Amino acid sequence: MVATLTSTPPSFLPLWQRKLPTFNPTQCLGTGKEALEISSNGYIKTNTTGFPEKGISTRPGTSSTPRPPRPRRIILVRHGESEGNVDETVYTRVPDPKIDLTEKGKAEAEECGWRIREMIEKDGANDWKVYFYVSPYKRTLETLRHLGLAFERSRISGMREEPRIREQDFGNFQDREKMRLDKALRLRYGRFFYRFPNGESAADVYDRITGFRETLKADIDIGRFQPPGEQSPNVNLIIVSHGLALRVFLMRWYKWTVQQFEGLNNMGNGNLIVMQKGYGGRYSLSMHHNEEELREFGLTDEMLIDQEWQKTARIGELNYDCPMVNSFFPHFEDEGCIT
């Protein structure tokens, strides 16, 4: 098909005949209340209900079409107990991606599903749904099947198998004694940077998790989880993966340091951690978990302070009084900065 020009393109008109776009970088506000309706990243907030997902956010000068509501939660689930968790020799004869759940692991997964459903139903919404991302390993797929028993088909808006959230690669068939030596060396070298021979380091996992995070954020921005014709704020994302991959995901999402990552503890099999949308639209662990639970997971004072900030911060805002910055530079103590 050949495009037909029906008028002279503006770029070929003399400069004095062109209609130049208007742009005013300064937005004058008449009252303090109006000023509060403008967030720091340039989005106009027309919501006055106190629920960020019910507001309409648009960039100045663009279409008034509202962005799709962000999912209410991102729920991270570690697979149930696997045969490799109870017998390390399994890794010497069964490929890691093909290791099954134990009967206990299947029960843990089903129980986890009912815990998630109970949590969601406490919101009191009638239109809630779940969407799953799952690692392609057999133990995570089995976990999802048993976890999914808690949800009828009408509650599941979709699922996607995602190789980038697979387990850390330790090599192929593993030699038990050599693996024990490698894990001892990892403690000496550092859990984040130590690379297993023929396998990955946590830093390698970080790189592929970064790619997954960008895909996830794009999916959130375009409302991929919304059923056709719906704009519900009551969608919950559930990511079924592995202990280290989920810790790296949180590290990447919240920009935790290597030292902070190395202080984290693994989640138990069939357990979960919840990133819930706060009052400004960002996700915070403190919306669902109490301080004791987060400290048990390994969060430090600085990380807890940041999670409290995440509860009220708006999308696009930066924490300019970040405790990590204040504590990193010793000379800031003389300025009275909170560390």
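Nothing here was measured: the structure is a model prediction, and the numbers come from that model.
- A donor-acceptor contact shorter than 3.5 Å is absent between the side chain of T140 and the backbone of V134.
- Looking at every heavy atom in both residues, G298 comes nearest to M303 through O-SD, 4.3 Å.
- With hydrogens and angles disregarded, a donor-acceptor distance shorter than 3.5 Å links the side chain of S241 to the backbone of I165.
- Using a 4.5 Å heavy-atom threshold, the side chains of K217 and W253 count as touching.
- Between D169 and R195, no side-chain nitrogen of the basic residue sits less than 4.0 Å from a carboxylate oxygen of the acidic one, so the salt-bridge criterion is not met.
- Using modelled atom types, one side-chain atom of K129 and one backbone atom of S154 make a donor-acceptor pair closer than 3.5 Å.
- A distance-only check finds a donor-acceptor pair linking the side chain of R155 to the backbone of W128 [under 3.5 Å].
- Shown here is R93, whose CZ atom has more than 12 heavy atoms of other residues, nucleotides or ligands within 6.0 Å.
- Heavy-atom contacts from other residues, nucleotides or ligands closer than 6.0 Å to CG of N290 number more than 12.
- Residues I239 and M287 fall into different hydrophobic clusters, defined by Ile, Leu, Val, Met, Phe, Trp and Tyr side chains chained together at heavy-atom separations under 4.5 Å.
- In this structure, R70 contributes its side chain and K277 its backbone to no donor-acceptor pair below 3.5 Å.
- E162 and R164 get closest at one heavy-atom pair: OE2-NE, 2.9 Å.
- No chain of hydrophobic side-chain contacts below 4.5 Å, direct or via other Ile, Leu, Val, Met, Phe, Trp or Tyr residues, connects L272 to I74.
- Counting all heavy atoms, side chain and backbone alike, T102 lies closest to V86 at CG2-CG2, 4.2 Å.
- Within 6.0 Å of CD on E296 lie no more than 12 heavy atoms contributed by other residues, nucleotides or ligands.
- Between Y133 and F212, the gap from one ring centroid to the other is short of 6.0 Å.
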Original post:
After noting the C-alpha distance and the side-chain angles of Y194 and L187, does the key distance pass the side-chain contact (heavy atoms from CB on, under 4.5 Å) rule?
Top reply: CA-CA 8 Å; Y194 181 81; L187 292 177; over 6 Å; no
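- Looking only at distances, no side-chain donor or acceptor of H146 sits under 3.5 Å from a matching main-chain atom of E108.
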**OP:** Kindly indicate, with the supporting measurements, whether the criterion side-chain contact (heavy atoms from CB on, under 4.5 Å) is fulfilled by L264 and W256.
**Re:** CA-CA 11 Å; L264 296 177; W256 291 338; 3.7 Å; yes
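- Residues Q307 and L299 approach most closely at CG-CD2, 4.0 Å, considering heavy atoms.
- Look at R139 and E167 and you find a salt bridge, because one of the NZ, NE, NH1 or NH2 atoms lies within 4.0 Å of a carboxylate O, short of that distance.
- Salt bridge E118/R115: absent, no basic N to carboxylate O contact under 4.0 Å.
- We find the CZ-CE distance between F249 and M275 to be 5.0 Å, quoted to the nearest 0.5 Å.
- Between the side chains of N236 and R73, at least one donor N or O sits under 3.5 Å from an acceptor N or O.
- No side-chain heavy atom of Y137 sits less than 4.5 Å from a side-chain heavy atom of I99.
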**OP:** Start with the C-alpha distance between E152 and R117, add both sets of side-chain angles, then the distance that settles salt bridge (Lys or Arg N to Asp or Glu O under 4.0 Å), and finish with yes or no.
**Re:** CA-CA 11 Å; E152 54 269 30; R117 179 167 187 136; 2.7 Å; yes
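- L246 places none of its side-chain heavy atoms less than 4.5 Å from the side chain of L250.
- No side-chain heavy atom of Q260 sits under 4.5 Å from any side-chain heavy atom of Y254.
- L141 and V94 are members of different hydrophobic clusters when ILVMFWY side chains are connected at heavy-atom separations under 4.5 Å.
- Between E142 and R145 there is no salt bridge, since none of the side-chain N atoms of the basic residue sits less than 4.0 Å from a carboxylate O of the acidic one.
- The same ILVMFWY cluster, assembled from side-chain heavy atoms under 4.5 Å apart, contains both L244 and F192.
- Using a distance-only test at 3.5 Å, with no hydrogens or angles considered, no donor-acceptor pair links the side chain of K104 to the main chain of E81.
- Across all their heavy atoms, P68 and D221 have their closest contact at CD-O, 3.4 Å.
- Of all heavy-atom pairs between P233 and P69, the closest is CA-CB, 3.7 Å.
- To the nearest 0.5 Å, the span separating CG on D219 from CZ on F225 amounts to 4.5 Å.
- Annotation: side chain of E83 is not in contact with side chain of D87 (no heavy-atom distance under 4.5 Å).
- Put simply, CZ on F132 and CG on L237 are 10.5 Å apart, with the number rounded to the nearest 0.5 Å.
- Of the possible donor and acceptor atoms, none in the side chain of Q168 sits under 3.5 Å from a partner among the backbone N and O of A245.
- Atoms NE2 and CG, from H79 and L147 in turn, are 13.5 Å apart once rounded to the nearest 0.5 Å.
- Within the 4.5 Å cutoff, the side chain of I75 has heavy atoms near those of the M119 side chain.
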Subject >> Chi angles and distances behind the side-chain contact (heavy atoms from CB on, under 4.5 Å) call for H242, N266 >> reply: CA-CA 9 Å; H242 309 262; N266 206 5; over 6 Å; no
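- Put simply, the side chain of R191 never gets that close to the backbone of A202: no donor and acceptor are under 3.5 Å apart.
- Considering CD of Q310 and OH of Y283, their distance stands at 12.0 Å, rounded to 0.5 Å.
- The 12-atom threshold is exceeded at CD of E161, counting heavy atoms of other residues, nucleotides or ligands nearer than 6.0 Å.
- Side chains of N85 and N269: a donor on one and an acceptor on the other come within 3.5 Å.
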Original post:
Hey, mind stepping through D204 and S201 against side chain to side chain donor-acceptor pair (under 3.5 Å) and telling me if it holds?
Top reply: CA-CA 5 Å; D204 297 322; S201 65; 3.2 Å; yes
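- Residues I273 and E293 fail the side-chain proximity criterion, which asks for heavy atoms closer than 4.5 Å.
- Ion pairing between a basic and an acidic side chain is recognised when a charged N comes within 4.0 Å of a carboxylate O; E177 and R180 show such pairing.
- At a threshold of 4.5 Å between non-hydrogen side-chain atoms, the residues Y131 and R160 count as touching.
- Of the possible polar contacts, one joining the S157 side chain to the V130 backbone as a donor-acceptor pair under 3.5 Å is found.
- F297 CZ to N271 CG: the interatomic distance, rounded to the nearest 0.5 Å, is 10.0 Å.
- Under the 4.5 Å side-chain heavy-atom criterion for grouping Ile, Leu, Val, Met, Phe, Trp and Tyr, I156 is connected to I238 within one hydrophobic cluster.
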